[in-house]
Amino acid sequence: MERFNFQAIEKKWQSTFEKQKLYNNKSSKKFYCLEMFPYPSGKIHMGHVRNYTIGDVIARFKFMNGYNVLHPMGWDAFGLPAENAARENKLHPKKWTEKNISEMKRQLKLMGLSIDWDLEVSTCDEKYYKHQQEIFIDFYNKGLVKRKENYVNWDPVEQTVLANEQVVNGKGWRSGAVVERKKLSQWFFDITKFSDDLLKGLDKLNNWPEKVKTMQKNWIGKSIGCEIKFDIISEKKKINVFTTRPDTIFGASFLAVSVDHPICNEFIKDEKYNKFKDECLKVGTTEEALANAEKIGFDTKLLAVHPFIKGKKLPVYVANFILMDYGTGAIFGCPAHDQRDLDFAKKYNLEVTEVVSDNPSILKDFSSLTEAYSGDGTIINSDFLNGLKVDEAKIKIIKEIEKRKIGQKKITFRLKDWGISRQRYWGCPIPMIHLEDGSIVPVEKNELPIKLPEDIDLSQNGNPLENHKKWKNTFHKKTGKPATRETDTLDTFVDSSWYFLRFCSPNTTKEPFNIQKANYWMPVDQYIGGIEHAILHLLYSRFFMRALKKNNNKINDNEPFKGLFTQGMVCHETYKDQNGKWLTPSEVEKSSEGKYKKISDKSEVRVGASESMSKSKKNVVDPENMIKSYGADAVRWFILSDSPPEKDIQWSNQGVNAAYKFLQKIYNLCCVVNERSEEKNTLNKEFDLKMNSYVNKITKSINDFNLNVVVANVYEIYNLFNNHLNKEVSNKSLKANLINLMKILIPFTPHIAYECLEMLEAKDNNSWPKVNTKLVLKEKINMAIQVNGKTRDVIEIEKGVSQNSVIKLCKNNDKIKNKIDDKSVKRIIFVKDRIINFIINQ
RNA sequence: GCCCUCGUGGUGAAAUUGGUAGACACAAAGGACUUAAAAUCCUUGCCCUUUUGGGAGUGCCAGUUCGAGUCUGGCCGAGGGCACCA
């Protein structure tokens with residue numbers, strides 16, 4: 001028995017993997033396998049290991065099945081941490097990033113991935129961002145870039161603008177500083193132009209998780225309704241209201257507007273109003289706070305005229321639950337059929353009129369009810385709408401509103417334009433210049449790239465580009481007039497919105513990507529990454545494809561990712577010492593009694609819940625250490641076993657150790673079979689049949705991403721071999737099947753698999769074992785024999801055995817025959833290859 | 001508050017989509033080998049019975065069915081998402 005020396009073997013095969021390309025020159029079928037590229041933070045973590053292992057399984061599997069596989073890797077290399085690190089360590093962001101990239105690349109290579117490193121791209125490389133600037137100018141020329149003055153979330157620590165989605169509980173998602181509101185001129189991509197198309201496109205993405213599609217649908221938030229203009233009594237003003245329930249107009253009892261609504265301008269000096277406004281702000285903007293907040297309002301004393309009920313006047317309130325940036329910033333309140341309106345009406349003693357009923361003969365009494373009725377039903381108390389269903393009433397009332405010219409049908413989206421300006425140094429410069437006359441124009445394309453200056457001063461606050469006068473001051477090439485550069489850089493989500501296209505032709509210098517190559521490789525067949533990018537990154541990339549296609553109609557696709565898989569997180573138990581300080585797993589050991597102790601002083605350790613690995617809780621394990629101790633194959637094998645890839649997984653040393661032991665056993669099995677010489681052959685057929693069945697199952701499981709089931713099946717195959725080693729199976733059959741097992745292992749544990757295949761002198765190692773469909777038909781199956789639905793025995797029979805033959809078998813079966821004499825059997829249920837159930841009188 | 005997802009042994013989980021519940025693995029207990037330990041291998045794992053057997057059992061309650069982890073209704077619990085979206 002030889003010891004499997006993983007260190008030597010992994011080193012040996014990794015040099016092969018580096019040269020290996022997953023392109024089958026025979027094949028015209030393509031497969032683009034992509035994992036979300038990492039931010040070069042310094043070292044890889046277990047989340048990367050899981051992500052890239054899953055991707056590697058798919059890439060190698062598809063290659064072995066005859067596809068041309070594109071499997072690239074790159075770096076999402078711009079971003080704030082580089083600037084923070086630069087300030088802390090006095091290391092230039094570029095140097096810091098380059099150092100991290102080379103370190104992480106070295107670590108990734110230790111994993112034995114089938115990455116084609118010739119395709120590597122880095123977003124902070126001017127060869128990459130040059131083309132991004134080109135794309136920006138193209139979008140600008142197509143009218144997809146806007147400049148808007150807008151309130152922004154200003155992070156006082158980072159001195160930068162945050163996207164809405166980067167504000168968590170009113171604080172910056174990275175800095176944690178309380179975010180301020182500030183008005184700035186910003187660049188925007190006109191993503192809302194594509195709202196409807198982005199929504200419709202989701203329906204065609206059959207290989208996306210439903211969860212992600214639902215999140216995007218909610219984010220885009222299409223609602224169909226109408227606008228209605230209300231006249232204000234004794235003033236010339238009108239209030240324009242948006243509603244999705246125009247059918248409830250006869251139940252309206254008040255109007256409510258946002259505190260930011262223009263009509264509020266006349267109250268700016270009103271003490272009561274300002275008090276109310278402060279009250280609204282105090283509640284905060286977080287959703288949770290608002291949900292628990294009481295509905296409050298400010299009575300403007302204005303009265304609006306009900307457009308359909310003669311003489312009816314509606315009080316106008318300013319209410320804390322109305323937002324200016326959705327719809328028109330004003331609503332009409334129909335308390336009977338909207339919960340918030342009902343809460344509000346009860347507080348201010350407003351009228352509640354029921355206008356939709358699920359049972360018109362029994363009217364609801366909303367003076368005692370606390371729940372609004374928002375379901376379907378028949379319209380009542382509503383003049384010409386009476387008797388209609390909700391949907392019919394909506395159509396009729398909108399027609400009437402349009403006829404009277406007091407409003408019109410309107411579709412609203414919640415999706416907002418994508419603000420792309422960042423007041424930061426370490427990002428892609430926006431290729432625009434400001435002329436003295438105030439106009440802003442793009443630079444000439446032949447001036448690109450607009451490079452980031454390297455001599456910058458990071459010790460000052462604010463944007464280093466703003467402070468760099470030499471870089472900032474320039475000339476307009478056409479007119480020779482002095483100009484200043486735009487000092488905003490692009491949001492890093494822009495960088496990651498087209499990198500998958502660049503991978504198709506990473507070295508082309510003429511254009512962002514070669515269209516023929518992009519049309520061949522795109523869309524990405526399988527994209528794999530974390531659920532945290534469910535909305536932004538994926539939505540922005542979908543927008544980019546559409547915008548690029550608008551710019552160049554030779555592009556075939558408008559969806560970048562045909563298949564999406566979101567893997568779960570890697571978790572670990574948490575440890576605290578006696579003083580409540582977090583401990584890393586490497587500081588803790590398990591004693592022989594099963595108790596956890598601190599290694600340094602043997603004091604007791606409190607074990608906490610398993611949570612996703614984070615630096616703050618110290619429950620992290622270093623992938624490189626693990627690879628050093630157990631080998632890359634064992635780490636890969638363990639991270640794929642036990643839990644389904646989409647669920648969280650718990651990292652444990654016991655688990656990875658078990659994986660390590662199993663690979664050792666696999667290696668020993670190969671040694672044993674390789675040295676065995678005797679020829680026996682009575683059981684070959686049965687053995688071949690079983691192996692064939694496993695190959696069939698595993699092939700299906702990989703296609704369905706049930707990788708943990710594959711691992712379980714491989715354990716079963718190992719047990720099968722172990723059981724047959726001493727039986728009469730010829731070594732020829734054992735060896736042939738063992739070669740197939742090793743081929744199955746290539747995507748999972750490539751080093752040991754190739755090593756064993758070499759030992760077994762296997763040929764054609766790049767093809768996946770073929771399933772013999774004729775043998776699948778001959779497989780034996782276990783059939784349950786039930787009496788009154790209870791399983792009484794299980795028999796092994798061949799596939800396709802008829803009902804009569806099975807009944808015969810049952811009548812001869814010792815456990816069954818005395819239970820099923822002809823008189824008592826009432827009915828027989830027979831499902832071929834599954835089950836037979838005898839229903840008997842009791 | 002709204003939306004989505006999920007509840008199976010001590011643990012991670014399987015279950016051919018309505019057909020043998022708990023595959024496979026981790027942990028545990030017992031045993032074999034060993035002077036010993038490690039490594040390795042075997043056995044066990046709810047209740048009743050000495051065994052053969054029999055019974056209960058997939059969060060809870062009901063229903064559909066010859067048959068329910070899977071379908072339906074109601075309840076309870078956990079996790080995730082959210083921009084009070086009119």
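Scope of the values below: all heavy atoms of this structure, side chains included, with no hydrogens, waters or symmetry mates. A, B, ... follow the sequence lines: proteins, then strands. Residue 1 opens every chain.
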Exercise. So, is A:Arg827 near the phosphate of B:rC66, with a side-chain N or O under 4.0 Å from OP1 or OP2?
Worked result: yes
For this session: Can you label the angle between the A:His306 ring and the A:Phe250 ring as parallel, tilted or perpendicular, going by 30° and 60°?
Result: tilted
Problem set entry | Along RNA chain B (nearest heavy atom to each residue), the more 5'-positioned of A:Ser223 and A:Gly655 | A:Gly655
Exercise. Does the salt bridge (charged side-chain N to carboxylate O under 4.0 Å, His left out) test come out yes or no for A:Glu227 and A:Lys410, once each step is laid out?
Worked result: CA-CA 6 Å; A:Glu227 287 185 358; A:Lys410 180 93 198 239; 3.2 Å; yes
For this session: Classify the angle between the aromatic ring planes of A:Phe662 and A:Tyr715 as parallel (below 30°), tilted (30 to 60°) or perpendicular (above 60°).
Result: tilted
Exercise. Which of these nucleotides, B:rC24, B:rA86, B:rC4, is closest to any side-chain atom of A:Thr214?
Worked result: B:rC4
Problem set entry | Whether over 12 other heavy atoms sit under 6.0 Å from A:Lys346 NZ | yes
For this session: Remember a base hit wins even if backbone is also touched, and classify A:Asn708 as base, sugar-phosphate or nothing at under 4.0 Å, heavy atoms.
Result: sugar-phosphate
Seminar exercise, completed: Closest of B:rC24, B:rA86, B:rC66 to the A:Asn837 side chain is B:rC66
Between protein and nucleic acid, restricted to nucleotides 27-30 of chain B and to nitrogen or oxygen atoms under 3.5 Å apart, what atom pairs and distances do you find?
none

For this session: Would you mind classifying the nucleic acid contact of A:Ile829 as base, sugar-phosphate or nothing, using non-hydrogen atoms under 4.0 angstrom?
Result: base
For this session: Report the glycosidic orientation of B:rU43: syn if within 90° of 0, anti in every other case.
Result: anti
Exercise. B:rA25 P sits how many Å from A:Ile666 CD1, rounded?
Worked result: 12 Å
Problem set entry | A:Lys148 to A:Phe188 six-membered ring, cation-pi geometry met (6.0 Å, 45°) | yes
Exercise. Side chain of A:Lys295: nearest nucleotide among B:rG19, B:rC84, B:rA86?
Worked result: B:rC84
Seminar exercise, completed: Considering only heavy side-chain atoms of A:Gln786, the closest of B:rU20, B:rC24, B:rA83 is B:rU20
Exercise. Base, sugar-phosphate alone, or nothing: which one does A:Lys790 contact when heavy atoms must sit under 4.0 Å apart?
Worked result: sugar-phosphate
Problem set entry | Protein-nucleotide distance (A:Ile220, atom CD1; B:rC85, atom P), rounded to Å | 18 Å
For this session: For atom NZ of A:Lys778, decide whether the heavy atoms of other residues, nucleotides or ligands shown that lie under 6.0 angstrom number more than 12.
Result: no
Exercise. Just to confirm, is there a sub-4.0 Å distance from OP1 or OP2 of B:rG67 to any side-chain nitrogen or oxygen of A:Arg834?
Worked result: no
Exercise. How would you label the contact of A:Ile828 with the nucleic acid (heavy atoms, under 4.0 Å): base, sugar-phosphate, or nothing?
Worked result: nothing
For this session: To the nearest Å, give me how far apart CG (A:Asn240) and C1' (B:rA86) are.
Result: 13 Å
Problem set entry | Identified side-chain contact (heavy atoms from CB on, under 4.5 Å) partner of A:Gln786 from the options A:Asp793, A:Ile836, A:Asn837 | A:Asn837
Exercise. Where the side chain of A:Arg792 is concerned, which of B:rA13, B:rG54, B:rC85 is the nearest nucleotide?
Worked result: B:rG54
Problem set entry | Whether A:Phe705 and A:Phe565 hold their rings parallel, tilted or perpendicular, with breakpoints at 30° and 60° | parallel
Exercise. Nearest-Å distance, CG (A:Asp793) to P (B:rU20)?
Worked result: 14 Å
Exercise. Taking only N and O in the side chain of A:Lys665, is any of them less than 4.0 Å away from OP1 or OP2 of B:rC41?
Worked result: yes
Exercise. Atom CG of A:Asp833 and atom P of B:rU20: how far apart are they, to the nearest Å?
Worked result: 13 Å
Exercise. Any side-chain N or O of A:Arg414 less than 4.0 Å from the OP1 or OP2 oxygen of B:rC82?
Worked result: no
Exercise. Which word best sums up how the rings of A:His537 and A:His533 line up, parallel for under 30°, tilted for 30 to 60°, or perpendicular for over 60°?
Worked result: perpendicular
For this session: Pick base, sugar-phosphate or nothing for A:Phe242, based on heavy-atom distances below 4.0 Å to the nucleic acid.
Result: base
For this session: Determine, using ring centers only, whether A:Phe638 and A:Tyr660 are less than 6.0 Å apart.
Result: no
Seminar exercise, completed: Side-chain atoms of A:Asn719 come closest, of B:rA86, B:rA83, B:rC24, to B:rC24
Exercise. Counting heavy atoms not belonging to A:Lys799, are there more than 12 under 6.0 Å from its NZ?
Worked result: yes
Problem set entry | Chi-based syn or anti call at B:rG30, which uses purine or pyrimidine torsion atoms and a 90° bound | anti
Exercise. Of all the nucleotides listed (B:rA86, B:rU20, B:rC84), which has the minimum atom distance to the side chain of A:Ala784?
Worked result: B:rU20
Give me the distances for all protein-to-nucleotides 10-12 of chain B N/O pairs that come in under 3.5 Å?
residue, atom, partner, partner atom, Å
B:rG12, O2', A:Ser643, OG, 2.7
B:rG12, N2, A:Asp642, OD1, 3.2

For this session: Give a yes/no answer on whether the side chain of A:Asn218 brings an N or O atom under 4.0 Å of OP1 or OP2 in B:rC4.
Result: no
Exercise. Within this structure, what is the CG-to-P distance between A:Leu720 and B:rC24, rounded to whole angstrom?
Worked result: 12 Å
Problem set entry | A:Ser610 and A:Gln650 side chains, donor-acceptor separation under 3.5 Å | yes
Seminar exercise, completed: Taking B:rC85, B:rU20, B:rG19 as options, the one with an atom nearest any side-chain atom of A:Val794 is B:rU20
Problem set entry | Closest to side chain of A:Thr791, choosing from B:rG19, B:rC85, B:rA21 | B:rA21
Exercise. What nucleotide among B:rG19, B:rU20, B:rC84 has an atom nearest to a side-chain atom of A:Asn782?
Worked result: B:rU20
